[in-house]
Amino acid sequence: MARKKIREYDSKRLLKEHLKRISGIELQIRSAQVTEATDFNELAAQEPWLSSERLVVKPDMLFGKRGKSGLVGLNLDLAQVASFTKERLGKEVEMGGCKAPITTFIVEPFVPHTEEFYLSIVSERLGCNISFSECGGIEIEENWEKVKSIFVPTQDSLTSELCAPLVATLPLEIRGKVESFIKGVFALFLDLDFTFLEMNPFTLVDGEPYPLDMRGELDDTAAFKNFKRWGNVEFPLPFGRVMSNTESFIHGLDEKTSASLKFTVLNPKGRIWTMVAGGGASVIYADTVGDLGYASELGNYAEYSGAPNEEEVLQYARVVIDCATANPDGQKRALVIGGGIANFTDVAVTFNGIIKALREKEPQLKAARMNIYVRRGGPNYQTGLAKMRALGQEIGIPIEVYGPEATMTGICQQAIKCITAAA
């Protein structure tokens with residue numbers, strides 16, 4: 001399961017579109033997105049309510065505490081919303097230690113209210129945790145002791161009996177309505193493969209639930225069965241994160257294959273680089289370098305898995321090598337071509353693509369004083385390792401090759417010794 005955050009706009013769109021289908025509850029949600037490309041005249045024509053109602057505008061950038069940070073405009077008309085967003089679009093703000101420009105806002109009707117409830121659902125290994133509070137809003141953290149939680153095991157239904165502790169202290173006149181809403185949202189959560197959903201707060205408008213602020217995460221490995229129901233959902237990068245051209249290229253490869261190809265540059269000047277097979281193994285290699293005190297020298301996080309074909313591995317390896325060998329400075333560098341013990345991936349086949357890339361990039365590798373450390377096991381691994389050894393002799397680049405008898409952590413130690421040894 002891969003938890004991917006989505007914008008508030010998409011969370012509310014999915015809630016509105018599917019809650020009626022699933023539970024017969026129709027929400028009066030209306031919202032619009034604003035970016036630098038937005039033409040407000042066109043937007044008002046598409047969403048006439050924008051011109052007739054008082055509005056709320058806030059960043060839709062995957063960070064919270066927007067009200068406390070003075071980034072929410074309340075009770076505005078459309079002209080004021082346009083002015084509010086124009087002043088802030090493209091301007092850098094700092095949130096949680098990250099600085100980045102605001103690129104996207106969400107605009108909604110201004111809803112006067114007195115009650116603020118909190119609701120969250122979190123997918124866990126053995127089921128889902130549902131939390132509810134009658135004291136929602138921006139002070140939820142200060143009132144966390146008032147949050148009530150229940151656990152719903154996988155494949156169990158959310159019955160009235162199970163839900164009772166959450167709503168037991170609500171006034172009788174709203175208890176049934178809130179209970180039905182929680183049940184409906186939970187059913188939607190499961191149906192659309194959410195992994196996290198939070199409303200802080202939701203309120204009641206004319207006795208009907210209305211989410212004011214909402215966050216959501218989807219299991220993107222379930223996209224194959226949900227692409228019609230999710231619609232044009234966006235998975236934006238975390239706030240403060242901008243893809244480089246190389247990262248965008250790998251992201252494009254990843255979207256076109258049934259395999260998994262991941263690549264993130266951590267430090268362009270780093271001297272330890274990785275090209276690791278397997279999601280779990282890739283984390284172990286990166287964590288080991290950090291645990292040994294050399295996180296600052298780790299150039300990237302990389303992972304390929306799911307049996308990519310030779311051409312996909314070739315294109316992937318070219319990008320990793322280009323980044324690892326950029327701007328040689330006379331100091332030694334290390335490239336770890338690692339992995340665990342594969343279950344079904346033909347090691348020799350994936351190595352064919354890597355070997356082609358290494359052969360192509362021989363001048364760059366030599367200029368960067370690159371040392372290569374290979375560790376792999378799995379189907380046909382002996383053939384793959386033999387090819388790697390032969391390549392080292394052919395192109396004259398130091399390549400140390402190990403099978404599953406060597407530990408993954410040990411290979412990281414070898415790489416660190418390389419870059420710390422005297423020239």
Side-chain angles (χ1 to χ4, degrees), residues 1-2 4 219-225 227 235 237 243-266 268 273-286 299-326 335-365 370 372-392 394-395 397 399 401 408 411:
M1 179 170 62
K4 288 286 188 73
D219 177 3
D220 77 336
T221 63
F224 73 97
K225 66 173 183 174
F227 68 96
F235 293 108
L237 292 171
M243 275 193 186
S244 65
N245 290 335
T246 52
E247 290 167 335
S248 295
F249 177 78
I250 297 297
H251 182 71
L253 284 180
D254 182 59
E255 289 187 326
K256 296 171 186 173
T257 176
S258 59
S260 175
L261 302 170
K262 302 293 186 287
F263 180 70
T264 302
V265 176
L266 303 175
W273 293 75
T274 65
M275 195 186 319
V276 179
S282 63
V283 173
I284 291 173
Y285 280 83
N300 70 310
Y301 170 82
E303 175 248 316
Y304 66 93
S305 59
N309 63 41
E310 184 176 322
E311 178 62 24
E312 290 167 343
V313 175
L314 172 60
Q315 293 189 58
Y316 180 79
R318 284 169 174 162
V319 169
V320 176
I321 296 168
D322 282 344
C323 290
T325 58
L335 173 62
V336 178
I337 301 174
I341 301 175
N343 293 320
F344 59 88
T345 299
D346 189 315
V347 173
V349 170
T350 56
F351 273 9
N352 284 341
I354 295 174
I355 288 168
K356 283 185 179 180
L358 292 170
R359 190 177 281 121
E360 284 180 12
K361 306 292 183 178
E362 175 190 337
Q364 294 171 229
L365 292 163
M370 186 66 74
I372 299 173
Y373 298 87
V374 179
R375 190 271 186 189
R376 196 72 166 105
N380 213 14
Y381 82 93
Q382 295 96 336
T383 301
L385 297 182
K387 289 181 178 180
M388 281 288 186
R389 291 190 184 97
L391 177 70
E394 173 192 334
I395 63 178
I397 290 173
I399 302 180
V401 181
M408 292 189 283
I411 298 303

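Side chain to side chain, Y301 and T274 fail the donor-acceptor criterion of an N or O pair below 3.5 Å. Side-chain contact check for S248 and N245: no donor-acceptor pair (N or O, by modelled atom type) lies under 3.5 Å. Checked by atom type, the side-chain pair S260/E303 shows a donor-acceptor distance below 3.5 Å. Side-chain contact check for E255 and H251: at least one donor-acceptor pair (N or O, by modelled atom type) lies under 3.5 Å.
From D322, atom CG reaches atom CD of E360 across 9.5 Å, with rounding to the nearest 0.5 Å. To the nearest 0.5 angstrom, R359 atom CZ is 13.0 Å from I354 atom CD1. Between L365 atom CG and I395 atom CD1 the span is 6.0 Å, to the nearest 0.5 Å. Taking CD from E362 and CG from L358, the interatomic distance works out to 10.0 Å, rounded to the nearest 0.5 Å. One finds the CD atom of E394 at 9.0 Å from the CD1 atom of I355 (value rounded to the nearest 0.5 Å). For the atom pair L266 CG and C323 SG, the distance stands at 11.0 Å (nearest 0.5 Å).
Remark: the backbone N or O of G339 is paired with a side-chain donor or acceptor of Y285 at under 3.5 angstrom. Side chain of Y316 to main chain of K262: a donor-acceptor pair is present (N/O by atom type, distance under 3.5 Å, no hydrogens or angles). At distances below 3.5 Å, at least one donor-acceptor pair connects side-chain atoms of D254 with backbone N or O atoms of L261. Remark: the backbone N or O of G340 is paired with a side-chain donor or acceptor of R376 at under 3.5 angstrom. Side chain of E312 to main chain of N309: a donor-acceptor pair is present (N/O by atom type, distance under 3.5 Å, no hydrogens or angles). The backbone N or O of T350 lies less than 3.5 Å from no partner atom in the side chain of E310, so there is not a single donor-acceptor pair. Not one N or O on the side chain of Q364 forms a donor-acceptor pair closer than 3.5 Å with the backbone of K361.
Within 6.0 Å of the CZ atom in F235, the count of heavy atoms belonging to other residues, nucleotides or ligands exceeds 12. The neighbour count for K356 NZ, taken as heavy atoms of other residues, nucleotides or ligands under 6.0 Å away, does not exceed 12.
Residues passing the side chain to side chain contact (heavy atoms under 4.5 Å, CB included) test with V374, sequence neighbours excluded: I337, F351, I372, L385, M388, I399, V401. Evaluation of the side chain to side chain contact (heavy atoms under 4.5 Å, CB included) rule for K256 yields no partner, not counting sequence neighbours.
Contact of the L253 side chain with the Q315 side chain is registered, since non-hydrogen atoms from C-beta on lie closer than 4.5 Å.
Ring pair F263/W273 is parallel by interplanar angle, where below 30° counts as parallel and above 60° as perpendicular.
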- Step by step, work out the side chain to side chain contact (heavy atoms under 4.5 Å, CB included) result for K387 and T383. CA-CA 6 Å; K387 289 181 178 180; T383 301; 4.0 Å; yes
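Heavy atoms only, all atoms of each residue included: A307 and A259 are closest at C-CB, 4.3 Å. Contact between V313 and P308 at its shortest, heavy atoms only, is CG2-CG, 3.6 Å. Nearest heavy atom pair, residue S282 against residue A302, reads CB-O, 3.3 Å. The minimum heavy-atom distance between E247 and V265, with the atom names listed, is OE2-N, 2.6 Å. V319 and F249 make their closest contact through CG2-CD2, 3.5 Å (heavy atoms, listed as atom of the first residue, atom of the second, distance). Taking each heavy atom of V347 and G377 in turn, the nearest pair found is CG2-O, 3.6 Å.
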